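Down below is the structure, laid out as structure tokens.
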Protein chains: 2
Amino acid sequence: MNNEAIYAATTVKSWNVALTGIQKLLSSLKDEDFQREVAPGRNRIYYLVGHLAAVHDRLLPMLALGERLHPELDDIFISHPDRALADKYSGAELRQMFAEINAAVTKAIETMPPADLLKRHEAVSAEDFEKDPLRNRLSVFQSRTAHISFHAGQIRLAV
Amino acid sequence: MNNEAIYAATTVKSWNVALTGIQKLLSSLKDEDFQREVAPGRNRIYYLVGHLAAVHDRLLPMLALGERLHPELDDIFISHPDRALADKYSGAELRQMFAEINAAVTKAIETMPPADLLKRHEAVSAEDFEKDPLRNRLSVFQSRTAHISFHAGQIRLAV
């Protein structure tokens with residue numbers, strides 16, 4: 001592997017480590033445990049799993065990895081806060097969608113040529129990217145990796 | 001910048017974004033607020049700030065960035081859980097050490113040649129690194145970036 005490929009592989013490894021961490025937390029929970037709040041009056045685990053699934057699903061078009069799998073998640077888990085809408089999915093269904101979306105993102109990112117990770121992502125204009133080449137796909141991907149850990153730290157409190 | 005330099009700069013940016021996020025949370029708190037628990041019966045913010053400071057201080061020798069600044073933090077904030085030992089520092093002192101350590105790590109990592117980030121870190125043997133070149137400094141650095149977000153997510157619940 002050349003250095004660029006090692007850079008890319010190390011970043012994908014960090015994503016996989018974050019996913020493994022949260023999946024380990026979730027695997028210790030029964031579906032009904034998803035109703036627990038991470039702290040009194042705060043988000044339920046149910047909401048955070050759906051939120052992460054929706055955010056990761058949005059990575060697919062944003063990083064040019066493919067079509068979205070579950071755009072219907074946005075309304076409940078991004079546009080609205082927890083408990084604003086009635087629960088539409090079982091814990092098992094959320095787990096399944098989360099796993100499916102993560103597998104799609106991971107597979108696509110692992111096969112992307114390392115140089116392509118430094119290309120412009122779909123939420124930045126060509127003009128802005130010209131001014132700041134760090135507004136690349138890699139930056140978004142690392143931000144989403146940190147986002148997993150942010151919510152994993154919260155879920156950890158309720159496990 | 002060549003691609004390797006963009007990879008390095010993007011990763012350092014992710015670290016800085018994580019630090020900015022947690023410092024924003026902490027700056028909204030008074031020193032006495034550090035006594036708050038992130039959830040009932042869980043770690044205090046006080047402990048998490050000291051814990052992050054100690055873990056980041058350990059990055060200095062681990063990534064060959066320099067000598068440690070505050071090795072005395074380990075006993076309280078790594079070897080022992082919260083409240084096992086009496087509080088030795090004020091909130092203001094913890095903030096100061098955390099800022100000082102983060103500045104040292106950031107400055108050193110920003111001036112490290114991009115290829116050096118892919119070298120072996122000090123906690124892996126040459127033999128193991130030979131087998132797995134992803135056990136590099138970059139991997140540890142990304143792991144510590146995720147670690148900031150993990151605890152930031154918890155502190156967020158108490159802010």
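Fair warning: this is a prediction, and the values are worked out from it, not measured in the lab. To find a chain, count down the sequence lines: A is the first, B the second, and so on, and within it residues start at 1.
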Transitively linked via ILVMFWY side-chain contacts under 4.5 Å: A:Leu85 with A:Leu48?
yes
When only pairs under 4.5 Å are counted, which of B:Ala8, B:Gly21, B:Ser143, B:Gly41 shares the most heavy-atom pairs with chain A?
B:Ala8
To check you understand the geometry: which heavy-atom pair defines the closest contact between B:Leu134 and A:Lys13, and what is its length?
O-NZ, 3.0 Å
Hey, what do you get for CZ (B:Phe150) to CD1 (A:Ile22), rounding to the nearest 0.5 Å?
9.0 Å
Would you say that more than 12 heavy atoms from the other residues, nucleotides or ligands in this model lie under 6.0 Å from the CD of A:Glu130, or not?
no
When you measure from the side chain of A:Gln154 to the backbone of B:Gln154, do you find a donor-acceptor pair of N or O atoms at a distance under 3.5 Å?
no
Starting from A:Leu19, can I reach A:Val55 by hopping between I/L/V/M/F/W/Y residues whose side chains sit under 4.5 Å apart?
no
The interface call for B:Asn43 against chain A, heavy-atom contacts under 4.5 Å, is neither
Spatial distance of atom CD (A:Gln142) from atom OG (B:Ser149) [nearest 0.5 Å]:
11.0 Å
Treat each ILVMFWY residue as a node, draw an edge where side-chain heavy atoms are under 4.5 Å apart, and state whether B:Ile148 and B:Met62 are in one component.
yes
Please check: side-chain N/O of A:Tyr7 versus main-chain N/O of B:Leu138, any donor-acceptor pairing under 3.5 Å?
no
Checking B:Pro40 against chain A: side chain, backbone, both or neither under 4.5 Å from a heavy atom?
side chain
Mind checking whether A:Leu63 and B:Val17 sit in one hydrophobic cluster, side chains of I, L, V, M, F, W, Y counted as touching below 4.5 Å?
no
For the residue pair B:His151 and A:Arg156, establish whether any side-chain heavy-atom pair is separated by less than 4.5 Å.
no
Just wondering, are more than 12 heavy atoms of other shown residues or ligands nearer than 6.0 Å to CD in A:Glu72?
yes
Top contributor to chain B contacts, counting heavy-atom pairs under 4.5 Å, from A:Ala158, A:Ser139, A:Ala39:
A:Ser139
Please say whether more than 12 non-hydrogen atoms of neighbouring residues, nucleotides or ligands are located less than 6.0 Å from CD in A:Glu67.
no
Is it the case that more than 12 heavy atoms not belonging to A:Glu127 sit under 6.0 Å from its CD atom?
no
Please identify, among B:Arg42, B:His147, B:Arg135, the residue contributing the most non-hydrogen atom pairs under 4.5 Å to chain A.
B:Arg42
Please flag which part of B:Ala18 lies under 4.5 Å from any non-hydrogen atom of chain A: side chain, backbone, both or neither.
neither
Non-hydrogen atoms of chain A under 4.5 Å away: do they reach the side chain of B:Thr10, the backbone, both or neither?
both
Result for side-chain contact (heavy atoms from CB on, under 4.5 Å) between B:Glu4 and one of A:Asn2, A:Ile6, A:Asn3 points to A:Asn3
Tell me whether A:Met1 shares a hydrophobic cluster with B:Phe129, the cluster being built from Ile, Leu, Val, Met, Phe, Trp, Tyr side chains joined at under 4.5 Å.
no
